[in-house]
Amino acid sequence: MRIEHKLNYKYRILLLVSLIAMVLARPLIATDLKYNVEKVEHNFNHPWSSATLPNGDILVTELIGKIKKIDIKTREVTDINGIPNALFRGQGGLSDIILHPEFENNNIVFISFSYGDKNKNTLKVISAELIKNELMNKKTIFEAAPYRKTSNHYGARLVFLNDNSLIITSGDGFNYREDAQKLDNHFGKIIRIDADGSIPKDNPYIDTQNALPEIFSYGHRNQQGIAYDSKNNILYSNEHGPRGGDELNLITAGKNYGWPAITYGIDYNGSIISPFTEKIGMEQPLTYWVPSIAPSDMIFYDGEMFPEYNNSLIISSLVPGEIRRISLDNNTLEEKIIFDEIKGRIRSIKLSTNGALVVLSDGPKGKAYIINR
Amino acid sequence: MKFLYLPIFYVISSFLTASLIILINLSTNLIWLASQGFNVSIKMFFELLLKDISNGFLFLVIILITFFLAFLITAIVRYFFPIKRTLSYSISGFVSVFVMLKLTTLVFTGAILIAGMRSFLGLFLFCVSGLLGGYLHGLLLNKVFKNEN
């Protein structure tokens, strides 16, 4: 009994020291997690995406067909001129914008948008030179085929790979979901082209008869998030499912991601789209969400400002409106809601040049938020 | 007292049309899946049909609203023009389902929310479901109101 008593005291002292250490360490941990969320005082009309210029200024696309520039020093918002005519209808409009990997030398940006009229339209991607707030020398580098009668599910996200080839997400057009399983069209595909619109020689279906050579992967629904881990050359995509069944996928060249043959969701009207969730030859998602979170955009975080988020995917979602971090460490996915002070439907999240995050909320009076330290 | 039958007939005919639409919708999905190499059994078909009908509340509500307006208009028309009940309610069911389906497509900027109606045949069969619902409504009314307009 006596010995036990002595041991108990030892443990008590150890416990006390641990508690003191924890209390002392807490402010340090808290400092690490501190960040600022700054709201830019401007109403953006259906903001959809953003891109940060090398000087820190931020370009914001508005679905209605405009591009605005936020001056990072003064927070003044100005219009960019020479914007292509976009069809603003349903889910369509002026969509994504990204800079050429060598933007500092060539001033080239890439813009995706829906083009045409309500009875015949498509997803289009152009390149253009951004010179003094004006888009010049516009050139169409991709046009999804065939045209559609709907104004939904365009995909329309863009990202560059290490080899400077451009990845474009092309949605299933809502009414054309079965075409996502065919290789003769661009519905429900991930497209890979070079920056000048030519087709890379190592695309998976370049030599396949009756397959469009731009196709990189197929069997997608409405992929509104595409993110690239450039260090490990891994491409991720998220897509809206129907009612439930939103997916996060690891994208590999030539693979079939199953929509609409396999899905974890059901139709909006409550009926079954497919009772199957797996099939040989069709890829499984890394994770999926039932009920839906409506994933709207995604980045792979490799910036310096938030080192604790390195090797994570950060996903914005429209329902209920959150930013989620998915940690990819140790081959397990750990999901967490972050920056929960930003309320409402979140349309986009992008990484700026200094590692800060640019977040856009959805709607006719959408806001831009800059999250930094 | 006979008029108490009206809402019962109206619900029965709406339920018939909603169930037929669900059946056609499910069939088009499963036919396509079978064409893609999936093993779709008869047992699976009936299990899914029951599931879809039990989840088909939204369909039923939409058809109830559609038929309410359609049958009301038909009753007014029949007050002035003594057209046969089965014929008038059949036409009313067919046309109202067609109008409802087209309106939902317009509202959702071209997106067809009931996948089964994307083809002409699917759309036609949906309208025929409306026709059968209307016909049943007319037929049941005939049983109760034999010699009345």
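Here is the naming used below: chain letters follow the sequence lines, and residue numbers restart at 1 for every chain. Computation of the quantities below employed the complete heavy-atom set of this structure, encompassing side-chain atoms and omitting hydrogens, waters and symmetry-equivalent molecules.
Counting non-hydrogen atoms of other residues, nucleotides and ligands closer than 6.0 Å to CZ of A:F276 gives a total above 12. Residue-environment remark: NZ (A:K66) stays at or below the threshold of 12 foreign heavy atoms within 6.0 Å. With a 6.0 Å radius and a threshold of 12 heavy atoms from other residues, nucleotides or ligands, A:Y115 has its OH atom at or below the threshold. Counting non-hydrogen atoms of other residues, nucleotides and ligands closer than 6.0 Å to OH of B:Y135 gives a total of 12 or fewer. Atom CG of B:L4 is surrounded by more than 12 heavy atoms from other residues, nucleotides or ligands within 6.0 Å. Other residues, nucleotides and ligands contribute only 12 or fewer heavy atoms inside 6.0 Å of the NZ atom of B:K51. Residue A:N85 qualifies as open at atom CG: its count of foreign heavy atoms under 6.0 Å is 12 or below.
Counting heavy atoms from C-beta on, the side chains of A:I262 and B:F38 come closer than 4.5 Å. Proximity of A:E178 to B:R118: side-chain heavy atoms (C-beta onward) are separated by under 4.5 Å at one or more points. Counting heavy atoms from C-beta outward, B:V40 and A:P275 have side chains that stay 4.5 Å or more apart. At a threshold of 4.5 Å between non-hydrogen side-chain atoms, the residues B:W32 and A:P260 count as touching. Between A:N152 and B:T109 there is a side-chain heavy-atom pair separated by less than 4.5 Å.
In this structure, the portion of B:F108 lying under 4.5 Å from any heavy atom of chain A is its backbone and not its side chain. The part of B:L30 that comes within reach of chain A is its side chain, from C-beta onward, which places non-hydrogen atoms under 4.5 angstrom from that chain. Neither the backbone nor the side chain of A:R148 comes within less than 4.5 Å of any heavy atom in chain B. Only the side chain of A:K279 comes within contact range of chain B, with heavy atoms under 4.5 Å apart. Interface residue A:N269: backbone and side-chain heavy atoms are both found under 4.5 Å from chain B.
Counting heavy-atom pairs closer than 4.5 Å to chain B, the top-ranked of the candidates A:G270, A:S151, A:A261 is A:A261. The residue among B:N55, B:I22, B:L26, B:L33 with the most heavy atom pairs within less than 4.5 Å of chain A is B:L33.
A pairwise comparison of heavy atoms in B:A115 and A:D267 identifies CB-OD2, 4.3 Å as the closest pair.
A search for salt bridge (Lys or Arg N to Asp or Glu O under 4.0 Å) contacts involving B:K43 returns B:E47, not counting sequence neighbours. Scanning for salt bridge (Lys or Arg N to Asp or Glu O under 4.0 Å) contacts around A:D179 gives A:K182, with sequence neighbours left out.
From B:L106, atom CG reaches atom NZ of A:K118 across 7.0 Å, with rounding to the nearest 0.5 Å. One finds the CG atom of B:L58 at 13.0 Å from the OH atom of A:Y268 (value rounded to the nearest 0.5 Å).
Remark: the A:S271 side chain and the B:N25 side chain contain an N/O donor-acceptor pair separated by less than 3.5 Å.
Panel note: side chain B:N29, backbone A:I272; a donor-acceptor pair is recorded below 3.5 Å.
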